[in-house]
Protein chains: 2
Amino acid sequence: MSIVERRLREKEAMRTNILTTAWQIVKDEGWQSLSIRKIADAIQYSVPVIYDYFENKDAILLEFGKQGFEQLIAKLAAAKDSTPDPAEQLKAIADAYWIFAFKNKEFYQLMWGMGAPTCEMDKCMPERSIFRDLVMAPMIEVINKANGEDAETNACLKYHTFWSILHGLVSIKMVAPADDTEQLNKLVLDDAITGFIKNLKI
Amino acid sequence: MSIVERRLREKEAMRTNILTTAWQIVKDEGWQSLSIRKIADAIQYSVPVIYDYFENKDAILLEFGKQGFEQLIAKLAAAKDSTPDPAEQLKAIADAYWIFAFKNKEFYQLMWGMGAPTCEMDKCMPERSIFRDLVMAPMIEVINKANGEDAETNACLKYHTFWSILHGLVSIKMVAPADDTEQLNKLVLDDAITGFIKNLKI
DNA sequence: TACTTTTGCTAACGCTGTTAGGGAAGGTAA
DNA sequence: TTACCTTCCCTAACAGCGTTAGCAAAAGTA
């Protein structure tokens, strides 16, 4: 049955060909100008061929979204594992998030609906609990170390604040990037997060 | 010359007719499905007529953007004026921002590029200094009251944090609205902002 | 009444996502 | 080798989008 194997291999190759070609277009020209026809043109096939491998354009975007979330979560998890101290873990996660966002602008914009593409990213978002587990545990620990009581309710509030500081800072820098130096922006993140962590301990 | 007056009046009437019709479409179906043809259809004129009143579709979006920013700034300024205490001013501004965002989802999404529309909102954003002045002054006061020194550099950092908390919380709730009650979300904002203000005073 | 401006239309161009239908090629069985 | 069937991949179209050229009718002016 080596002939069906070859076929499967070719199908898989075409799929990744479509994806890498699409990715190249996005990196060169942005999400806005990614079109089925452009992909077809670049891979030197006619348009309907794309639809043999993806149900529609959204399916392609969702595929990228999935990849983006996977990579982000991997980075965050690695950052968390880089230190045993819970406060340092939170700082490390924040830094990793920041770095990911600007090293992978295209991913970030797609994942949070900031670029052009109109597509319900919910469909490729990982379980909310994954993000929760990453941040919630060290946060509870920090709070508990400070006042020795059960801190879950408080941590639930702080959890949202943590992500909003991160996402908010990134968003603002992405929308209006020009006015400050790279240096200053990193300072803002550091200040905000260390301020946040300090506040947890009170 | 009452005849040219009537003409000016009619031109103005048509312009607002286009805008209110477009706004209705947006409220009913979202930014995604606002199209020149749909507007033309609704006002019962042919498509090119729209272009006698607006240079292109972006010009219509920019008009809405301008309106949105004006309304937002008015709300924030009113909130600031509602109390003389600088710490309370910050809290009031944050609350007003929050309320505006969810009472005017369409505006907010357009202004910060969260909906579909692809259009450079920079072109209708007010001077950055307007936002700065609203928040920076009370912030410096709060910091100064606490430690009596010059606080401008510090306030510059905190300024970004303030907006990122706000924008971040709003964004996250808009992307993933369903999982918590209205009540809890307001709690998160309160906690984050009071935590932030408390941190200023240290 | 004759001329000019304004108004608003039809029809098109080039782009988008998506799909129907057919021809050619590849693989299978007699 | 011939007959058949599946798979592949194309052309051509549909319906929608923003935008514009060009023309006919209406409105205003002399």
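First the proteins, then the strands, lettered A, B, ... as listed; each starts at 1.
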_Between B:Arg7 and B:Val47, which residue's closest nucleotide on DNA chain C lies nearer the 5′ terminus?_
B:Arg7
*side chain to side chain donor-acceptor pair (under 3.5 Å) assessment of A:Asp85 paired with A:Gln89*: CA-CA 6 Å; A:Asp85 180 69; A:Gln89 282 179 347; over 6 Å; no
*Could you check how far CZ of A:Arg9 sits from P of D:dC8, rounded to whole Å?*
14 Å
*Contact class for A:Ser35 (heavy atom, under 4.0 Å): base, sugar-phosphate, or nothing?*
sugar-phosphate
*asked:* Between B:Arg6 and B:Glu10, does any side-chain N to carboxylate O distance fall below 4.0 Å?
replied: yes
*For A:Glu55 and C:dT18, what is the distance between atoms CD and P respectively, to the nearest whole Å?*
9 Å
*asked:* Rounding to an integer number of Å, can you tell me how far A:Tyr51 OH sits from D:dC10 C1'?
replied: 15 Å
*asked:* Students often get this wrong, so: under 4.0 angstrom with heavy atoms, is A:Leu34 touching a base, only sugar-phosphate, or nothing?
replied: sugar-phosphate
*Between B:Asp58 and B:Lys123, is there a side-chain N and carboxylate O pair less than 4.0 Å apart?*
no
*Separation of D:dC17 P from B:Ile50 CD1 (nearest whole Å)*: 13 Å
*Starting from the 5' end of DNA chain D, give me the residue, B:Asn56 or A:Tyr53, whose nearest nucleotide shows up first.*
A:Tyr53
_Using whole Å, what does the distance between atom P of nucleotide D:dT6 and atom CD of A:Glu10 come to?_
20 Å
*Determine the contact category for A:Arg37: base if any of its heavy atoms lies under 4.0 Å from a base atom, sugar-phosphate if only primed atoms, P, OP1 or OP2 are that close, otherwise nothing.*
base
*Inspect the contact between B:Glu127 and B:Arg132 and indicate whether a charged nitrogen and a carboxylate oxygen are less than 4.0 angstrom apart.*
no
*If you measure from the Lys or Arg side-chain nitrogens to the Asp or Glu carboxylate oxygens, is any gap between A:Asp95 and A:Lys186 under 4.0 Å?*
yes
*Checking all strands, does A:Ile60 fall into the base, sugar-phosphate, or nothing category for heavy-atom contacts under 4.0 angstrom?*
nothing
*Of the nucleotides D:dC9, C:dG8, D:dT20, which one has an atom closest to the side chain of B:Met14?*
C:dG8
*Can you tell me the distance, in whole Å, between the CH2 atom of A:Trp31 and the P atom of C:dT16?*
16 Å
*Have a look at A:Tyr45 and say if it touches a base, only the backbone sugar-phosphate, or nothing, with a 4.0 Å heavy-atom cut-off.*
sugar-phosphate
_Starting the side chain at C-beta, find the nucleotide from D:dC10, D:dC9, D:dT19 nearest to B:Ile36._
D:dT19
*Nearest-Å distance for atom pair NZ/P, residues A:Lys57 and C:dC15*: 15 Å
*Take the protein atom CZ of B:Phe54 and the nucleotide atom P of D:dT20, then report the distance between them rounded to whole Å.*
16 Å
